[in-house]
Amino acid sequence: MKNFIIAIVIVTIAQSLAYLQLQSQFFWPWAKDHPIVMSLFGVPISILLIYFTKYCALTFNGEVWPGRLIGFAVGAIIFALLSHFVMKEAFTLKTMVCLGLAASIVAVQIFWK
């Protein structure tokens, strides 16, 4: 369980940073004008994702597929939340259904033995 909590914290940070790296061009003029500099933030994000993969694989007895699905689902959740709070995008019914599906993906990976 400890490895899973570490993995979730790491992927949450990585997905949040990736959101800011990629979407900041829409709310920060400097980022829009400096895409090469913004791309350099990919290095620490990649390092975080490598560690996320490690801790997820430790959680799931060496399997990497659960980590891929969990990373995708957490990314979708983080993207929706940050789009709402940073970009002021509304939670539509479609978005809420997708968030429910993302939460279901995580639940299946955790609870289906």
Side-chain angles (χ1 to χ4, degrees):
M1 187 63 159
K2 178 183 172 186
N3 287 331
F4 184 70
I5 292 169
I6 293 169
I8 292 298
V9 169
I10 291 171
V11 77
T12 299
I13 293 167
Q15 293 287 3
S16 298
L17 292 173
Y19 177 90
L20 294 173
Q21 177 197 29
L22 300 172
Q23 309 312 317
S24 64
Q25 63 183 314
F26 300 116
F27 58 84
W28 187 21
W30 185 91
K32 182 179 181 180
D33 296 336
H34 297 88
I36 302 300
V37 176
M38 291 304 294
S39 72
L40 297 176
F41 288 102
V43 174
I45 293 167
S46 295
I47 292 168
L48 286 169
L49 291 172
I50 289 168
Y51 280 101
F52 159 71
T53 303
K54 171 187 172 180
Y55 284 103
C56 234
L58 288 170
T59 300
F60 294 101
N61 300 315
E63 294 180 18
V64 295
W65 186 238
R68 175 66 184 106
L69 292 171
I70 290 168
F72 163 76
V74 170
I77 293 166
I78 294 298
F79 191 95
L81 291 172
L82 288 177
S83 290
H84 176 72
F85 291 111
V86 175
M87 305 282 291
K88 308 298 183 220
E89 292 186 14
F91 283 113
T92 64
L93 179 59
K94 180 171 69 172
T95 301
M96 291 188 295
V97 168
C98 289
L99 289 175
L101 291 170
S104 297
I105 289 171
V106 173
V108 165
Q109 294 307 310
I110 295 170
F111 298 114
W112 192 327
K113 301 294 178 192

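Just so we're clear, the structure is a prediction, and the values are computed from it rather than from any experiment.
- For F72, the CZ atom is loosely surrounded, since the number of other residues' heavy atoms within 6.0 Å does not exceed 12.
- For the atom pair F79 CZ and L99 CG, the distance stands at 11.5 Å (nearest 0.5 Å).
- By the 4.5 Å heavy-atom criterion applied to side chains, W30 and V37 are counted as neighbours.
- Not counting sequence neighbours, W112 has no partner by the ring-ring contact (aromatic ring centres under 6.0 Å, His included) test.
- To the nearest 0.5 Å, the span separating OH on Y55 from CD1 on I10 amounts to 6.0 Å.
- Applying the side-chain hydrogen bond (donor to acceptor under 3.5 Å, both in side chains) test to residues at least two apart or on different chains, the pairs with a partner in residues 65-88 are Y19-S83.
- Taking 4.5 Å as the limit, every side-chain heavy atom of I77 sits out of range of all side-chain heavy atoms of V74.
- You'll find the side chain of Q23 stays beyond 4.5 Å of the side chain of V86, heavy atoms only.
- Atom CZ of F60 is surrounded by more than 12 heavy atoms from other residues, nucleotides or ligands within 6.0 Å.
- Here C56 contributes atom SG and I8 contributes atom CD1; the two are 6.5 Å apart, rounded to the nearest 0.5 Å.
- When the side chains of ILVMFWY residues are joined at heavy-atom separations under 4.5 Å, either directly or via intervening members, I6 and V9 end up in a single hydrophobic cluster.
- In this structure, I5 and M1 have side chains that are in contact, with non-hydrogen atoms separated by less than 4.5 Å.
- Side-chain contact between Q25 and P35 is absent, with no heavy atoms from C-beta onward closer than 4.5 Å.
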